[in-house]
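Worksheet: one structure, shown below.
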Amino acid sequence: MRFKLPSNISPQLGENLLKPILNSGDLTRARQLFDKIPEPNLHSWTNLISAYTKQGLPNEAINLYSLFRKKNDIHLPPDRILLLSVIKACAAFADLTKAKEIHEDAVTYRFVSDLNVGNALINMYGKCKFCEGAQSVFDGLPFKDVISWTSLLSSYVNSGFFREGLVTFREMGLNGLRPNAVTVSSILPACSELKWFNSGRQIHGYVVKDGVGENAFVTSALVDMYASCSCLKEAQLVFDHMLVRDIVSWNVILSAYFLNGESEMALSLFDEMRTQEVTLNYDSWNTAIGGCVQNGENTQALELLIQMQIKGLKPNHITITSVLPACSNLESLRKGKEIHAYIFRNKTFSDMTTTTALVYMYAKCGELEISSQIFNMMPRKDAIAWNTMIISNSMHGKGDEALLLFKNMIISGVKPNSVTFTGVLSGCSHSRLVDEGIQVFHSMRDYFIEPDADHYSSLVDLLSRAGQLEEAYEHIQKMPMKATAGAWGALLGGCRVYKNVDLARIAAKNLFEIEPDNPGNYVLLSNIFVAGKLWGEASKYRKIMEEKGMSKPPGCSWIQVKNKVYTFAVGDKSNEQSDEITKFLNDIRYKVRLAGYFPNTDFVLQDLDQEEKEEVLCNHSEKLAVAFGLLNLNGESSIRVFKNLRICGDCHNFIKFTAKVVGIQIIVRDSLRFHHFKEGLCSCRDFW
DNA sequence: GTAGGGTTAG
């Protein structure tokens, strides 16, 4: 019921009127009333600010505090409680600029030495991942309690400074303070991250011996710690002995099995959980779905997503973020688009993590354009978002774009990390941007990032692909760490393209030492000898393969049409439209010949006559999949084919001409990258 | 009105 407000509300009356409305949770009405109080008292300000934070609107809380400062200036200084409520809002908002402002106010009004205010400030800086701030507030406290120490070490742990967190934990003990249950459950994740089994076990010992007061938080953290240290048995043991088990404990043991690659065990545990008394929560489903994806069980993950919905649970943004990589891995554009539509309908779109997963999904499924569009719309981009877009462009052979993104990333003030450079370098490598790549490599120092083996391998790849094989070899020799298979493999790959048998022998020798059982290396070397007409040596390595019982996985290509994936092997006749495919390819073969295509039978390694060789070429899985895609266009103007191995050189040429003849864009993703065929050209500019 | 249990890139 509405009633008419008195025209001039006294501060006390305002407070009394505001309270019941706030208790009812109607913030809009509370604000309307608040705005009618000419001079709200401190309680009213505090109560409204707290209410905003509680309802998940910390930015409103902070804005209200700014209004308070503007209106009251010197006449009404904030008290301790008002400051505490604003500090809490800043912690929830996690914005460093605002955090520093409120810290200054705490100094101005002489509350920084207050234990509660100090503790709240430490926590706030921790939430902003500004550990220097947390530490300096901590240092300034004349008296520190368990909460001060716990808040400080949590700041370190949550900001990724696990060692510093553990140092703080030890110092705390040396200063005579006893860690409690919260302290222990805050520090254990540091042991999990660092996989420091000994520290973790010591803390476990302390928990048992000193009776920290076991609760679900502590035991769950212990289970997670043991699981992270690959001690599944100990994890199970702690779980079995738990006195208090809540749903989180179950979720933690579930994730323990996934973490250790035991997805079968995990899934049967999940089934058990579903039949038990425990009520599954979002985290249970998200853990199961995410666990499946992490273990390569992508189809199972998508299945669980459906089951979750049947149970009446609406996937939340974490579910969606966890399941999107399954679409990326399966390259299922169809399913990915379905999930995108779901995101759109449910307005969880603004979440940066989800959007990043979406950007990557589109790129992996061949839709770089959509990927870029979504990326450009992101209001905030962190290093992972930028890296995702850089890697996506590199994957699609757009090195110049990757470089541009890298520059923009720097301009926008986001710090590149080691992954950024891996992405940019591989982009340069695929686009033959040699000088640019070398420059990027050397610029790593400017960002205080030490090149790792992958960066060196990228550099070797960059030079090898550009034909600078000697330089590439020199760089391998100059590597500060032992050269990896990636580096030697890159050199060997370059030797195949530029027909350098001598360096190939050296590269292969080293490669075989590191990876004696990788059939791909033997095939590659053998093919280099074939190209050099060194038949004897070529067959020697084929024989070694046979003796070792190794075989390269057979080439296959697949394409998604409507909701189904169709797979093709070489010379595959099992498809129901097989006859049409053959007829279509014969027809196309005639047309592309007229357009200037000539079959390159160098890619046929068997000893056959010319006509037979052409026949073999025409049976390659990628050609079959492309033909099938073109026969089942359903009005699309592009098709996407995926191949498990590298695309064959003749197929590459054939598909270029085919794209021109049929006027359709053909996108082929091979084991290394994407090729966009359009109007007789490929995005890789024949450089792969 | 001060501390603790998830998700995205290689």
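Keep in mind that this is a model prediction, so the values were computed, not measured. Each chain gets a letter, A, B and so on, in the order its sequence line appears, and its residues count up from 1.
Lys364(A) NZ: more than 12 foreign heavy atoms inside a 6.0 Å radius.
For the pair Phe138(A) CZ and dA3(B) C1', the interatomic distance rounds to 13 Å; values are reported in whole Å. Following rounding to the nearest Å, Asn116(A) (CG) and dA3(B) (P) show an atom-to-atom distance of 10 Å. Spacing between atom CE of Met389(A) and atom C1' of dT8(B) amounts to 14 Å, rounded to whole angstrom units. Asn393(A) has its CG atom 14 Å from the C1' atom of dA9(B), to the nearest Å. If you take CD1 of Ile49(A) and P of dG1(B), they are 10 Å apart, rounded to a whole angstrom. Residue Asn251(A) contributes atom CG, which lies 12 Å from atom P of dT7(B) at whole-angstrom precision. Across the protein-nucleic acid pair, Asn286(A) atom CG and dT8(B) atom P stand 11 Å apart, rounded to whole Å. Taking atom CZ of Phe143(A) as the reference point, atom C1' of dT2(B) lies 14 Å away to the nearest angstrom.
Checked against dG1(B), dG5(B), dA9(B), the side chain of Ile391(A) finds its nearest nucleotide in dA9(B). Comparing atom distances between the Ser322(A) side chain and each of dT7(B), dT8(B), dG1(B) picks out dT7(B) as nearest. In this structure, the nucleotide among dT8(B), dA9(B), dG6(B) sitting nearest to the side chain of Thr353(A) is dT8(B). Nearest nucleotide to the Ser151(A) side chain, out of dT8(B), dT2(B), dA3(B): dA3(B). With distances taken from any side-chain atom of Ser50(A) to the nucleotides dG1(B), dT2(B), dT7(B), the minimum falls on dG1(B). Candidate nucleotides dA3(B), dG5(B), dT8(B) were compared by shortest atom distance to the side chain of Ala357(A), and dT8(B) ranks first. Among the nucleotides dA3(B), dG6(B), dA9(B), the one closest to any side-chain atom of Lys127(A) is dA3(B). Comparing dA9(B), dG6(B), dG1(B) by their nearest atom to the side chain of Ile318(A) picks out dG6(B). When distances run from any side-chain atom of Pro325(A) to the nucleotides dG4(B), dG5(B), dA9(B), the shortest one goes to dA9(B). For Lys88(A), taking side-chain heavy atoms from C-beta onward, the closest of the listed nucleotides dG4(B), dT8(B), dG1(B) is dG1(B).
In this structure, Asp145(A) reaches neither bases nor backbone, as no heavy-atom distance under 4.0 Å exists between it and the strands shown. Using a 4.0 Å heavy-atom cutoff across all strands shown, Ala385(A) reaches no nucleic acid atom at all. In this structure, Ile147(A) reaches the bases: a heavy-atom distance under 4.0 Å links it to at least one base atom across the strands shown. Nucleic acid contact for Asn281(A): none, since no nucleic acid atom lies under 4.0 Å from a heavy atom of the residue. If you check every strand for non-hydrogen atoms under 4.0 Å, Asn215(A) touches a base. Using a 4.0 Å heavy-atom distance criterion, Lys381(A) is classed as making no nucleic acid contact. As judged by a 4.0 angstrom heavy-atom cut-off over every strand, Thr388(A) is placed among residues touching the sugar-phosphate backbone only. Contacts of Asp454(A) with the nucleic acid, taken as non-hydrogen atoms under 4.0 Å apart, are absent.
Taking only distance into account, the side chain of Ser220(A) meets the base of dG5(B) through a donor-acceptor pair shorter than 3.5 Å. Donor-acceptor pairing under 3.5 Å, judged by distance alone, is absent between the side chain of Asn123(A) and the base of dG4(B).
With Thr321(A) as reference, Thr354(A) is the one residue of Thr353(A), Thr354(A), Asn316(A), Thr356(A) to meet the side chain to side chain donor-acceptor pair (under 3.5 Å) rule. Ile390(A) pairs with exactly one of Met409(A), Lys398(A), Met395(A) by the side-chain contact (heavy atoms from CB on, under 4.5 Å) rule, that one being Met409(A). Among Val107(A), Val117(A), Val137(A), the one residue that satisfies the side-chain contact (heavy atoms from CB on, under 4.5 Å) test with Val112(A) is Val107(A).
Taking the centre of each ring, Trp196(A) and Phe162(A) stay at or above the 6.0 Å mark.
Residues satisfying the side chain to side chain donor-acceptor pair (under 3.5 Å) test with Lys88(A), not counting sequence neighbours, are none.
With respect to Lys19(A) and Glu15(A), a salt bridge is recorded, a charged nitrogen being found less than 4.0 Å from a carboxylate O.
Using a 4.0 Å cut-off, no side-chain N or O of Lys364(A) falls inside it from OP1 or OP2 of dT8(B).
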